[in-house]
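Below you'll find the structure, written out as structure tokens, and then a few comments.
In the text below, chain A, chain B and the rest are named by the order of the sequence lines, each starting its count at 1.
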Amino acid sequence: MADVTNAQAAAAFDELADLYELDGAAQYRVLAYRNAAKAVREAPLSVVSLAAQGRATDLPGIGTTLQQKLRDLGESGDIPAAQRLRASYPTGLIAVMHLPGFGPKRARKLHDELGIDSLERLRAACEQGQIRKLKGFGPKVEESLLSALQAGADGSPAPRILLSRALKLAEQIAGALRNHPGAGDVEVAGSARRRADSVKDLDIVATAADPVALAHSLGELEIVESVSSAGDAGARVVTHTGMKVDLKVVEPDQFGNVLQHFTGSKAHNVALREAAVRRGLHVSEYGILDDATGQTLRCRTEEEVYAALGYAWIPPELREGRGELEAAALGGPGLPELVRLEDLRGELHAHTTASDGRHTMEEMALAARARGLEYLAITDHSASHGFGNHVPADELERQIERAHELDERLDDFKLLIGSEVNIGIDGSLDYPDELLERLDWVIASIHTAFRTPEAEMTARMVAAIEHPWVDAIGHPTGRKIETRQPYAIDMEQVIAAAARTHTMIEINASPDRRDLNELHARAAAEAGALILIDSDAHSKANFELTRYGVYTARRAWLTAEQVANTRSWEDFAPLRKRARNRA
DNA sequence: GCCGTTTTCGGCCCGACTGTTTTCAGTCG
């Protein structure tokens, strides 16, 4: 039944939204499909299975009609309405519709009047000067279309930059702006502030005694390649790395409104405004207009914006339209106290020169202690890792001795000897059980055969989870943000197995992994599984990456209590599965 | 197509920008 993944079902609704849009359907009908696509993409359970049981209507934005379409999708692999519409509107036309500056109306006109059904035919029509003849189109449209097509535009969304790279740039730019003599407040907004997995462009909001001077100073930074506009209200530039940066300079008494607006997300702002309208208030980046008085309230801070609308201030990481408004409503259930970087007291996943790390056990331990951590588990790759970076069993034996000696010597610090053990294709581990038992800590991960079918992959993972000496699962879905899809695996079953067996699940903090993602991490915590935030450090400097794991944990609504390694070693030790098994 | 401390029908966020127009439709965030 779970043959259709939520990602596939969401894509089907998005396609249907595109097709209905081309067909000229009412915009709110189209919007309903887009909202449903988001709900499906973020659902913690298989929506096709839910639909089969008649429970998909519990999801926000799914009614009986869309539930039936999910059933059709589960039973036949397609939705009849989509099949019908595809006959009228070819796939190539959807690509045209997704070109920058284009949408359903323009694409439809090109289709109806010039017979355009692909990017190739569109390019030919441009080259023949046919586009500019159409009513509502002109030479500018034709030119920009041609240059976009020549630059390789194919209607697919622009690539996104990893948060780690984007934040480095954002902090650099914001720092430079703050140093400007005319600057007041300077804050990074947008998805970077929400600590999303990846970022499309940077939004910065500022106040300034001299707005023009501040706006021009952005364009003068060394990292800036070109300036597309700079005035008294802000500036828009592109860096040498290709990142678009948008600076808005605003009056201090609107700083809260503008920062809130440009922090988003879109889903959060739409929900916020819809709720406000029901109370006679209209929210925009300029203020809050009250129907009753005709007055517009301008806010210096975000706290004032949220308070005026009846909410506690909402941490940016939660602003994704995932129930945060209901939780933040004054007099409501309240928002969780989110875990912070400084809450973490131990690190349970780190490599040394014994496998593919850059530093020795001692160097890593001293670096961890210097960062204020109280315990560290050394978890080099196991016997079958390959790439010449594996640790054979006899080498691990020697590592155990070295670790015990080192642990003796380190004051006020607990050094654990563990392993990141490969999970074989059949779910087996590549050290003998008696060796695994003697370790302080074992984290098991999949590093091979990513294309294994879902049922086998799930069974493979669950087998590892059920192993008595596996304390935790590392990077559970194998995804690499923007570059590698997660392997096919039923996370519902994985999470349930982990919760049942007291196996911890990692949020791997490596900025291109952040795996578990925020949705799975939230589901896992709600299912009662204990979460770890691990750096997976391959060098001393990599301990710095832990913060990306904390960001994901916060986006997952996690409290310090739900993250196992916020505990002291004394409190953490008995939570390990091996400690429970021995007890 | 969804949804309900105004509603089972009639609403459904808000404003800027662009290129085309001469008052605005379409797109974008």
Side-chain angles (χ1 to χ4, degrees), chain A residues 13 16-40 56-70 79 81 96-110 131-145 148 155 157-158 189-191 194 199-203 205 228-229 231 233-234 236 244 246 248 250 254 257-258 260-289 291 296 309-310 321 325-326 329 331-332:
Chain A
F13 279 165
L16 212 39
D18 285 342
L19 289 166
Y20 275 127
E21 215 169 9
L22 280 170
D23 200 39
Q27 57 164 323
Y28 291 111
R29 191 163 166 227
V30 174
L31 188 61
Y33 280 94
R34 301 232 183 267
N35 287 339
K38 177 185 189 293
V40 166
T57 51
D58 291 346
L59 295 168
I62 307 281
T64 51
T65 305
L66 291 188
Q67 171 159 275
Q68 183 55 47
K69 287 185 160 61
L70 288 171
I79 298 172
V96 170
M97 175 175 131
H98 288 315
L99 288 171
F102 273 64
K105 298 285 168 56
R106 288 179 159 183
R108 180 68 190 274
K109 197 172 177 78
L110 293 172
I131 303 297
R132 65 178 68 199
K133 295 179 192 159
L134 294 177
K135 193 172 291 178
F137 291 70
K140 286 257 176 78
V141 174
E142 198 171 87
E143 278 166 34
S144 68
L145 202 45
S191 49
R194 301 198 312 277
V199 169
K200 184 159 63 76
D201 42 35
L202 292 177
D203 289 301
V205 181
S228 63
S229 74
R236 187 166 292 173
K244 288 184 200 153
D246 212 343
K248 284 114 187 151
V250 305
Q254 293 181 299
N257 302 100
V258 177
Q260 193 285 322
H261 173 81
F262 284 102
T263 296
S265 66
K266 181 172 179 170
H268 174 80
N269 284 353
V270 167
L272 185 76
R273 291 164 180 203
E274 283 176 350
V277 166
R278 291 194 285 273
R279 307 170 56 183
L281 301 170
H282 302 275
V283 180
S284 79
E285 62 259 55
Y286 301 107
I288 301 170
L289 170 65
D291 276 342
T296 297
L309 297 169
L325 290 177
E326 291 78 358

- Message: I'd like to know if the side chain of A/Arg194 and the backbone of A/Thr263 have a donor-acceptor N/O pair within less than 3.5 Å.
- Response: yes
- Query: Of all the choices, B/dG26, B/dT20, B/dG1, which nucleotide is nearest to the side chain of A/Arg106 once you look at every atom?
  - Reply: B/dG26
- Item | Whole-Å C1' distance, B/dT7 and B/dC2 | 14 Å
- Message: Here's a test of your reading of the structure: between A/Leu281 and A/Leu134, which maps to the more 5' nucleotide of DNA chain B?
- Response: A/Leu281
- Task: For A/Glu326 and B/dG4, give me the distance from atom CD to atom P, rounded to whole Å.
- Result: 11 Å
- Task: Look at the side-chain N and O atoms of A/Tyr28 and state whether any lies under 4.0 Å from the OP1 or OP2 oxygen of B/dG1.
- Result: no
- Between B/dC13 atom P and A/Tyr286 atom OH, what is the distance in whole Å? 19 Å
- Rounded to whole Å, the CZ-P distance (A/Phe102 to B/dG26) equals 13 Å
- Query: What's the verdict on side chain to side chain contact (heavy atoms under 4.5 Å, CB included) for A/Leu99 and A/Leu145, showing C-alpha distance, side-chain angles and the deciding distance?
  - Reply: CA-CA 8 Å; A/Leu99 288 171; A/Leu145 202 45; 3.8 Å; yes
- Message: Within the 4.0 Å heavy-atom criterion, would you say A/Val270 contacts the bases, only the backbone, or no part of the nucleic acid?
- Response: base
- B/dG10 versus B/dG15 - spacing of their C1' atoms, nearest Å: 24 Å
- Item | B/dT18 to B/dC12 separation - C1' atoms, rounded to the nearest Å | 27 Å
- Task: Please measure how far the C1' atom in B/dT20 lies from the corresponding atom in B/dG26, and state the result in whole Å.
- Result: 10 Å
- Item | Ring-face cation contact, A/Phe262 with A/Lys248, 6.0 Å cut, 45° max | yes
- Comparing A/Phe137 and A/Leu99 on DNA chain B - which has the more 5′ nearest nucleotide: A/Phe137
- Message: Please evaluate residues A/Phe102 and A/Val141 with respect to the criterion side chain to side chain contact (heavy atoms under 4.5 Å, CB included), reporting the C-alpha separation (whole Å), side-chain torsions for both, the decisive distance (0.1 Å), and the verdict.
- Response: CA-CA 10 Å; A/Phe102 273 64; A/Val141 174; 4.1 Å; yes
- Query: Nearest of B/dA16, B/dG1, B/dC14 to any side-chain atom of A/Leu66?
  - Reply: B/dG1
- Task: Could you work out the separation of B/dT5 and B/dG1 based on their P atoms and round it to a whole Å?
- Result: 23 Å
- Of the candidate nucleotides B/dC13, B/dG1, B/dG15, which contains the atom at the shortest distance from the side chain of A/Glu285? B/dG15
- With both distances kept under 3.5 Å, what pairs with B/dC3, Watson-Crick or G-U wobble? B/dG10
- Picking from B/dT27, B/dG1, B/dC14, the nucleotide nearest the side-chain atoms of A/Tyr33 would be B/dG1
- Message: salt bridge (charged side-chain N to carboxylate O under 4.0 Å, His left out) for A/Arg279 and A/Asp291? Distances and angles first, verdict last.
- Response: CA-CA 9 Å; A/Arg279 307 170 56 183; A/Asp291 276 342; over 6 Å; no
- Item | Between B/dC24 (P) and A/Lys135 (NZ): distance, integer Å | 16 Å
- Task: Look at A/Ser284 and B/dC13 and indicate whether a side-chain polar atom (N or O) is within less than 4.0 Å of OP1 or OP2.
- Result: no
- Atom P, compared across B/dC17 and B/dG11: separation rounded to whole Å: 31 Å
- Measure from the side chain of A/Val141, starting at C-beta and using heavy atoms only, and say which of B/dG29, B/dC13, B/dG19 lies closest. B/dG19
- Message: Tell me whether the side-chain N/O atoms of A/His282 come closer than 4.0 Å to OP1 or OP2 in B/dC14.
- Response: yes
- Atom CG of A/Asp201 and atom P of B/dG29: how far apart are they, to the nearest Å? 8 Å
- A/Ile62 has an atom CD1; how far is it from atom P of B/dG1, in whole Å? 13 Å
- Message: Roughly how many Å apart are B/dC3 and B/dC13, using the P atom of each and rounding to a whole number?
- Response: 14 Å
- Message: Rounded to whole Å, please give me the gap between NZ in A/Lys109 and P in B/dG19.
- Response: 18 Å
- Query: Between A/Lys105 (NZ) and B/dG19 (P), how many Å, whole number?
  - Reply: 20 Å
- Checking all strands, does A/Lys266 fall into the base, sugar-phosphate, or nothing category for heavy-atom contacts under 4.0 angstrom? base
- Message: What contact category does A/Val30 fall into here, base, sugar-phosphate, or nothing, at under 4.0 angstrom with non-hydrogen atoms?
- Response: nothing
- Task: Have a look at A/Glu21 and tell me which of A/Arg34, A/Arg106, A/Arg29 forms a salt bridge (Lys or Arg N to Asp or Glu O under 4.0 Å) with it.
- Result: A/Arg34
- Query: Got A/Lys69 and A/Phe13 here, is their nearest side-chain heavy-atom distance under 4.5 Å?
  - Reply: yes
- Candidate nucleotides B/dT27, B/dG1, B/dG15, ranked by approach to the side chain of A/Tyr20 - the nearest: B/dG1
- Message: Quick check on B/dC13: is either OP1 or OP2 less than 4.0 Å from any side-chain nitrogen or oxygen of A/Arg273?
- Response: no
